[in-house]
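What's counted below: heavy atoms across the whole structure, side chains too, no hydrogens, waters or symmetry copies.
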Amino acid sequence: MKQTILITGGVGYIGSHACLEFLAAGFRLVVLDNLCNSSLESLRRVKELSGHNIPFVEADIRDRAALDRLFAEYAIDAVIHFAGLKAVGESVEKPLRYYDNNIAGSITLFEAMQAAGVKTVVFSSSATVYGDPASVPIREDFPVGATTNPYGRSKLIIEQVLGDLAASDPEWRIALLRYFNPVGAHKSGRIGEDPRGTPNNLMPYISQVAVGRREYLNVWGNDYPTPDGTGVRDYIHVVDLALGHVKAVEKLREGPGVRIWNLGTGRGYSVVEMARAFEQASGRPVPYKFGPRRAGDIAQCWADPSLAEHELGWKASRGLEEMCEDTWRWQSMNPNGFDS
Ligand code: NAD
Ligand code: UFG
């Protein structure tokens, strides 16, 4: 029997890639999104690529009545909860907006799920919950809580809300997936990351430099205690990340409780290594200038992904070259994103 999955935020970057992998794995989908940070063109292309019709509900996760209608109309088995705001800097300027959207929105969603008897959820958490780790690689049992911004705190609080919910009702099946740094795009070059305005994240910024939309990359800090002085992160291909969600939902079928998995590759690359790798993949120059450290950044962060490998049978298989090539294909085929 095919399971029907509700994907909140399914029009966004990670959600759109997840739609394709869930469809390929034989799930039926319903997508809910308020389109505050995405374009319906993304969903249109997912439908085109997959050949599936995907019911779409344009609504906000804070709209309880809309959620109740959705759960009444579709027999949902599990929810993959991507919907949320994710810009770290903006969260410092507008904390109430982030707490309302992410925390209040998630609580409204969980209330509607509980009322509908849908008690399986996969939540998009982040390595940001670990703060500045005492050592790397980071395991799931490392301390959490030393978050440095409202965005990170919103993720941590939602994790805690879900923990309390599971403790209060043993029927809940919950996966907290802590993503490291998602990059890359679908092989077709038809969907990818399309940030509005100036990108905050490294990979979309680099690809806009390569395509000629921006003059050079600002490297935020070259005096970190890392091999070349620039920040080191665990970049993971978005398709590998999406596949981790499919594995997590399948694992939750085994029984109730809260499970936590890091989704990363286990290897870190520096900012300068990323710029070089992108030059190689694109054949375009990526000039850069060193600037001051960015507030709130840490020196290095990468995952120990062995728990997910052991328990889910999941492992990231796409390397840095593929991450850069796929990003470049998406960027060069769609120089202005979904507006091209
Ligand atoms: P995204 O902005 O591309 O996608 C999020 C989607 O959620 C968008 O389509 C947006 O319109 C929708 N949305 C936001 N608030 C909503 C609301 N109140 N109601 C309904 N829809 C709403 O971001 P993404 O990169 O795909 O991230 C997906 C999730 O993964 C987010 O929760 C994000 O915090 C988390 N995450 C992302 C990263 C990353 O670097 N991209 C890292 C760790 C965790
Ligand atoms: N960087 C630059 N120049 C830029 C952008 C980034 O040098 O223009 C550097 C940063 O200083 C950092 C690295 O590139 O060393 C990666 O920065 P990103 O902004 O791409 O990613 P972060 O690691 O800061 O954060 C991302 C998401 C968070 C998420 C976290 C999880 O933005 O939402 O990964 O690890 F929580």
* Compare every heavy atom of Ile14 with every heavy atom of Tyr179, then report the nearest pair and how far apart it is. => CE1-CD1, 3.7 Å
* Is a side-chain N or O of Trp302 found less than 3.5 angstrom from the main chain of Tyr269, in a donor-acceptor match? -> no
* To do: Could you tell me which non-hydrogen atom of Ser270 sits nearest to which non-hydrogen atom of Asp228, and how far apart they are?
  => OG-OD2, 2.6 Å
* Given side chains that start at C-beta, do those of Pro150 and Val92 come closer than 4.5 Å, heavy atoms only? -> yes
* To do: Report the relative orientation of the aromatic rings in Phe110 and His81; use parallel for angles under 30°, tilted for 30 to 60°, perpendicular for over 60°.
  => perpendicular
* Considering residues, nucleotides and ligands other than Glu311, do more than 12 of their heavy atoms fall under 6.0 Å from its CD? -> yes
* Residue Arg44 excluded, over 12 heavy atoms near CZ under 6.0 Å -> yes
* Asked: What do the steps show when you test Leu217 against Tyr205 for side chain to side chain contact (heavy atoms under 4.5 Å, CB included), and what is the final call?
  -> CA-CA 7 Å; Leu217 169 70; Tyr205 202 104; 3.8 Å; yes
* Thr4 backbone acceptor or donor facing Asp77 side chain under 3.5 Å -> yes
* Asked: Any side-chain heavy atom of Arg62 sitting closer than 4.5 Å to one from Asp100?
  -> yes
When the side chains of residues 23-40 are checked against the rest of the protein, which donor-acceptor pairs come out under 3.5 Å, sequence neighbours left out?
from, atom 1, to, atom 2, distance (Å)
Asp33, OD1, Leu35, N, 2.7
Asp33, OD1, Ser38, OG, 3.4
Asp33, OD2, Val11, N, 3.2
Asn34, OD1, Cys36, N, 3.0
Asn34, ND2, Asp60, OD2, 3.0
Ser39, OG, Glu41, N, 3.1

* If every non-hydrogen atom of Phe123 is compared with every non-hydrogen atom of Leu162, which pair is closest and at what distance? -> CB-CD1, 3.8 Å
* **ILVMFWY network linking Val232 to Val271, side-chain heavy atoms under 4.5 angstrom** => no
* To do: Taking the side chain as every heavy atom from C-beta outward, state whether Met274 and Leu320 have any atom pair closer than 4.5 Å.
  => yes
* To do: Take Met323 and Asn181 through the test side chain to side chain contact (heavy atoms under 4.5 Å, CB included) and record every step on the way to the result.
  => CA-CA 11 Å; Met323 297 181 209; Asn181 289 53; over 6 Å; no
* Please test Thr120 against Gln3 for side chain to side chain contact (heavy atoms under 4.5 Å, CB included), starting from the C-alpha separation and ending with a verdict. => CA-CA 12 Å; Thr120 301; Gln3 281 207 322; over 6 Å; no
* OH-CZ distance between Tyr224 and Arg293, expressed to the nearest 0.5 angstrom -> 5.0 Å
* **Close side-chain approach of Asn149 and Tyr98, heavy atoms under 4.5 Å** => no
* To do: Describe, in one word, how the ring planes of Phe278 and Trp328 are oriented to each other, choosing from parallel (under 30°), tilted (30 to 60°) and perpendicular (over 60°).
  => perpendicular
* Asked: Taking everything shown except Glu111 itself, do over 12 heavy atoms lie less than 6.0 Å from its CD?
  -> yes
* Asked: Salt bridge check: are Arg196 and Glu90 linked by an N-O gap of less than 4.0 Å?
  -> no
* What are the two closest non-hydrogen atoms of Tyr74 and Pro55, and how far apart are they? -> OH-CB, 3.4 Å
* To do: Would you give the length of the straight line joining atom CG of Asn336 to atom CD of Gln331, rounded to the nearest 0.5 angstrom?
  => 8.5 Å
* **Value rounded to 0.5 Å, distance of CG in Leu176 from CD in Gln160** => 10.5 Å
* Given side chain to side chain contact (heavy atoms under 4.5 Å, CB included), test Phe142 with Ser135 step by step and report yes or no. => CA-CA 9 Å; Phe142 274 30; Ser135 63; 3.7 Å; yes
* With a 4.5 Å heavy-atom cut-off, do Pro182 and Leu263 have their side chains touching? -> no
* To do: Flag yes if more than 12 heavy atoms outside Lys119 fall under 6.0 Å of its NZ atom; otherwise flag no.
  => yes
* Asked: Backbone N or O of Leu165 within a donor-acceptor pair of the Asp169 side chain at under 3.5 Å?
  -> no
* Asked: Do Ile138 and Val136 have side chains that get closer than 4.5 Å, going by heavy atoms?
  -> yes
* Should the pair Phe82 and His245 be assigned to parallel (<30°), tilted (30 to 60°) or perpendicular (>60°) ring geometry? -> tilted
* Asked: Taking His237 for the side chain and Ser317 for the main chain, is one N or O donor matched with an acceptor at less than 3.5 Å?
  -> no
* In terms of heavy-atom contacts, does NZ of Lys47 have more than 12 from other residues, nucleotides or ligands at under 6.0 Å? -> yes
* Structure fact -> For Arg294, the salt bridge (Lys or Arg N to Asp or Glu O under 4.0 Å) test, sequence neighbours excluded, returns Asp297
* **Evaluation steps, side chain to side chain donor-acceptor pair (under 3.5 Å), between Arg233 and Asn201** => CA-CA 12 Å; Arg233 297 291 183 276; Asn201 294 120; over 6 Å; no
* Asked: Would you call Glu254 and Arg173 a salt bridge, using N to O less than 4.0 angstrom?
  -> no
* So, Trp314 side chain and Leu243 main chain: donor-acceptor pair closer than 3.5 Å or not? -> no
* Asked: Distance-only, no hydrogens or angles: does the Lys315 side chain make a donor-acceptor pair with backbone N or O of Asp240 under 3.5 Å?
  -> no
* To do: Tell me whether Ile7 is reachable from Ile76 by hopping between hydrophobic residues (I, L, V, M, F, W, Y) whose side-chain heavy atoms are closer than 4.5 Å.
  => no
* Asked: Can you tell me how far the OG1 atom of Thr198 sits from the CZ atom of Arg213, to the nearest 0.5 Å?
  -> 9.0 Å
* From Arg178 CZ over to Leu156 CG, what is the distance, rounded to the nearest 0.5 angstrom? -> 8.0 Å
* Cluster check Leu177, Leu85: I/L/V/M/F/W/Y, side chain < 4.5 angstrom -> no
* Check whether any side-chain heavy atom of Met203 lies under 4.5 Å from a side-chain heavy atom of Cys324, and answer yes or no. => yes
* **Side-chain donor or acceptor of Glu140 paired with backbone N/O of Asn262 under 3.5 Å** => yes
* Is it true that Glu48 and Arg190 make a salt bridge, defined as a side-chain N closer than 4.0 Å to a carboxylate O? -> yes
* Go through the steps to decide whether Trp220 and Tyr288 satisfy the test ring pair (Phe, Tyr, Trp, His ring centres under 6.0 Å), and finish with yes or no. => CA-CA 10 Å; Trp220 302 130; Tyr288 58 82; over 10 Å; no
* **Chi angles and distances behind the salt bridge (Lys or Arg N to Asp or Glu O under 4.0 Å) call for Glu322, Lys187** => CA-CA 9 Å; Glu322 197 170 348; Lys187 272 274 170 281; 3.0 Å; yes
* To do: Answer whether the closest heavy-atom distance between the side chains of Ser126 and Tyr151 falls below 4.5 Å.
  => yes
* Joint hydrophobic cluster, Phe180 plus Leu241, side-chain heavy atoms closer than 4.5 Å -> no
* Asked: Are Leu109 and Phe56 joined in one hydrophobic group, where the rule is that I, L, V, M, F, W and Y side chains link up if heavy atoms are under 4.5 Å apart?
  -> no
* His52, NE2 atom: more than 12 neighbouring heavy atoms under 6.0 Å -> yes
* Structure fact -> Between the CG atom in Leu43 and the CD atom in Glu58, the distance rounded to the nearest 0.5 Å is 11.0 Å
* To do: Please check if any side-chain donor atom of Thr265 sits under 3.5 Å from a side-chain acceptor atom of Tyr235, or the reverse.
  => no
* **Parallel, tilted or perpendicular, as decided by the 30° and 60° cut-offs, for the rings of His186 and His17** => tilted
